[in-house]
Amino acid sequence: MLKIYNTLAREKQVFTPINAGKVSMYVCGMTVYDYCHLGHARVMVVFDMVSRWLHASAYVVNYVRNITDIDDKIIQRANDNKESIAQLTERFIQAMNEDAAKLGVIPPDIEPKATDFVGGMITMIASLIEKGYAYAADNGDVFYAVNHFAGYGKLSGKSIEDLRAGERVEVDSNKRDPMDFVLWKSVKPNEPSWDSPWGKGRPGWHIECSAMSSHHLGEHFDIHGGGQDLQFPHHENEIAQSEAAHSHDGKPCQMVNYWMHNGFVRVDDEKMSKSLGNFFTIRTVLEKYDAEVVRFFILRAHYRSPLNYSDQHLDDAKSALTRLYTALRAYPVIDTEINWQHPQAAQFKLAMDDDFNTPEAMAVLFDLANDVNKTKSLASATLLKNLAGVLGLLGRNASEFLQGTIASSSLQQATEPTLDSRSIDGKILQRAAAKTAKNFAEADRIRQELADAGIILEDSALGTNWRRA
RNA sequence: GGCGCGAUAGCAAAGCGGUUAUGCCGCGGCCUGCAAAGCCGUUUAGACCAGUUCGACUCUGGUUCGCGCCUCCA
């Protein structure tokens with residue numbers, strides 16, 4: 001029985017889908033004006049994991065993750081770069097897809113772009129005006145009248161009064177209330193625009209998610225996710241827009257049953273963010289670390305906990321993942337159905353059903369690795385690989401991981417020359433001959449020579465294995 | 001200022017009112033020509049102060065410290 005921590009309720013709740021056996025999930029994706037950083041990696045990996053677990057739990061999942069391809073920063077960046085907005089966003093959508101693929105993120109079922117939904121947004125704004133939740137100002141902007149929506153603040157736990165007290169924003173004189181937020185921005189020079197009943201302009205940020213989620217998942221759907229920083233104002237405003245626009249006879253229509261928010265990636269105990277400038281892009285990190293190590297690192301913490309980034313932590317993650325792959329090295333494991341009755345599989349399931357407790361689920365993986373090493377059980381090795389597969393881990397051949405270089409990544413610039421496997425095998429043969437001749441000094445010299453090149457040898461009864469440090 | 005989250009061993013990170021989390025690192029042993037890997041064992045815990053309880057890292061209250069949101073942000 002799956003339990004999910006629901007931000008709306010501030011507690012874990014048993015997950016009951018609106019339609020039995022089906023899950024509709026919407027996640028706020030990226031604004032594509034730059035490369036994705038590790039914080040974006042976390043959202044993608046976390047909700048990929050959620051979607052995989054729902055699949056593994058036999059749900060039919062409809063997973064939507066949007067792409068914001070029109071906003072202030074995009075316009076500015078395109079201007080700075082002297083390229084068109086379409087060129088800029090296309091470039092970074094492409095980059096995002098490459099990064100996601102490397103991290104083992106399965107593409108969502110639908111990835112709608114905001115610019116493809118302006119018509120739907122206009123319809124929704126018109127409906128909000130008609131129902132009295134929004135108003136057009138004299139300058140052509142359209143605002144949402146926050147105090148007309150009774151439930152405002154229910155997600156973030158804020159009250160309109162508290163928000164007013166903490167008011168830090170420049171008051172826009174076109175607003176009737178400082179708390180009102182913009183649904184439609186009137187056109188400004190050198191900015192793209194669309195025709196609307198309120199004149200040329202472009203949509204505000206929040207309305208796109210309301211329009212896209214209802215178009216693809218309906219007025220009422222199961223799960224809505226995103227980073228913790230979107231809780232307010234973005235998600236709060238989405239609720240206000242959707243529930244008001246879809247209201248019938250003045251009664252709001254519940255938009256989402258379960259709201260999920262993942263914790264931040266931090267650097268030196270501070271939130272990693274563009275504004276602080278302390279971010280690492282995914283591709284920068286992948287120059288140094290295998291993408292699966294990064295995925296492992298993300299999933300090793302619970303999705304709601306803060307996740308501190310440092311090289312030391314990634315080194316640690318790499319060692320841990322190496323242990324798992326090492327356990328699988330000698331076994332011809334294949335993908336099979338998981339028998340959830342098996343004690344360790346059941347333990348894994350229990351952990352995952354408890355609000356996606358991946359750290360605890362991973363402990364089961366290490367337990368299985370110990371079994372494999374101790375008992376040489378092919379069954380345990382198979383279960384290990386298949387359970388890890390549910391998390392999108394251990395998908396490669398062990399040797400591919402242990403002997404591969406991150407240089408195989410297309411992003412990797414040529415680093416110091418590394419030995420190819422053929423010459424390594426040659427050295428191993430030379431060393432074997434020296435060992436047979438009891439010339440241990442020579443054997444050790446060869447081993448050291450390889451060690452200096454980052455190749456670690458491991459003798460076993462069946463021969464010598466090697467892996468990259 | 002308002003609202004919220006957190007504090008676990010050298011590092012990272014979970015569960016749990018009483019019984020080994022787990023990984024990395026360290027130490028000892030086995031194995032090995034020697035290593036490495038692996039196996040076995042093992043040292044370091046639960047910010048602080050009270051309270052509830054037969055018993056609290058786990059529940060309650062307070063203190064201190066850290067972080068986040070309240071403005072674009074995953």
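Keep in mind that what you see is a predicted model, and the values were worked out from it rather than measured. Chain identifiers are assigned alphabetically (A, B, ...) following the order of the sequence lines, protein sequences preceding nucleic acid strands; residue numbering begins at 1 within each chain.
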Measuring only the [atom1] atom in each nucleotide, how far is [N] from [M]? A whole number of Å is fine.
{"N": "rA12(B)", "M": "rU63(B)", "atom1": "P", "answer": "28 Å"}
{"N": "rG61(B)", "M": "rC39(B)", "atom1": "P", "answer": "44 Å"}
{"N": "rU22(B)", "M": "rA13(B)", "atom1": "C1'", "answer": "8 Å"}
{"N": "rA9(B)", "M": "rU44(B)", "atom1": "P", "answer": "13 Å"}
{"N": "rA7(B)", "M": "rC48(B)", "atom1": "C1'", "answer": "11 Å"}
{"N": "rC24(B)", "M": "rC31(B)", "atom1": "C1'", "answer": "23 Å"}
{"N": "rU20(B)", "M": "rC16(B)", "atom1": "P", "answer": "16 Å"}

Please determine whether any donor N or O and acceptor N or O are separated by less than 3.5 Å between the side chain of [X] and the base of [N].
{"X": "Asp316(A)", "N": "rG23(B)", "answer": "yes"}
{"X": "Lys73(A)", "N": "rC72(B)", "answer": "yes"}
{"X": "Lys158(A)", "N": "rC69(B)", "answer": "yes"}
{"X": "Arg447(A)", "N": "rA35(B)", "answer": "yes"}
{"X": "Asp268(A)", "N": "rC67(B)", "answer": "no"}
{"X": "Asp354(A)", "N": "rG15(B)", "answer": "no"}

Among [options], which nucleotide sits nearest the side chain of [X]?
{"X": "Ile456(A)", "options": "rA74(B), rA36(B), rC39(B)", "value": "rA36(B)"}
{"X": "Gln312(A)", "options": "rG23(B), rC67(B), rC11(B)", "value": "rC11(B)"}
{"X": "Asp229(A)", "options": "rC70(B), rA74(B), rG15(B)", "value": "rA74(B)"}
{"X": "Phe366(A)", "options": "rC34(B), rU22(B), rC72(B)", "value": "rU22(B)"}
{"X": "Arg266(A)", "options": "rC39(B), rG68(B), rC67(B)", "value": "rC67(B)"}

Does Lys271(A) have a side-chain nitrogen or oxygen under 4.0 Å from the phosphate oxygens OP1 or OP2 of rC69(B)?
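Yes, within the criterion.
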For the pair Trp340(A) and Trp53(A), name the ring-plane relationship: parallel under 30°, tilted 30 to 60°, perpendicular over 60°.
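The arrangement is perpendicular - the two ring planes meet at more than 60°.
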Value in whole Å for how far the [atom2] atom of [N] lies from [atom1] of [X]:
{"X": "Lys374(A)", "N": "rC40(B)", "atom1": "NZ", "atom2": "P", "answer": "4 Å"}
{"X": "His40(A)", "N": "rC72(B)", "atom1": "NE2", "atom2": "P", "answer": "15 Å"}
{"X": "Met260(A)", "N": "rC5(B)", "atom1": "CE", "atom2": "P", "answer": "17 Å"}
{"X": "Asn357(A)", "N": "rA13(B)", "atom1": "CG", "atom2": "P", "answer": "13 Å"}
{"X": "Ile298(A)", "N": "rA13(B)", "atom1": "CD1", "atom2": "P", "answer": "14 Å"}
{"X": "Leu230(A)", "N": "rG68(B)", "atom1": "CG", "atom2": "P", "answer": "16 Å"}
{"X": "Asn465(A)", "N": "rU32(B)", "atom1": "CG", "atom2": "P", "answer": "17 Å"}
{"X": "Gln231(A)", "N": "rG2(B)", "atom1": "CD", "atom2": "C1'", "answer": "15 Å"}

Is there a donor-acceptor contact under 3.5 Å linking the side chains of Thr115(A) and Asp69(A)?
yes
Determine, for Phe47(A) and Arg65(A), whether the Lys NZ or Arg CZ falls below 6.0 Å from the six-membered ring centre while staying within 45 degrees of the axis.
no
Charged tip of Lys274(A) within 45° of Tyr33(A) ring normal and under 6.0 Å
yes
Less than 4.0 Å between a side-chain N and a carboxylate O, is that true for Asp353(A) and Lys349(A)?
yes
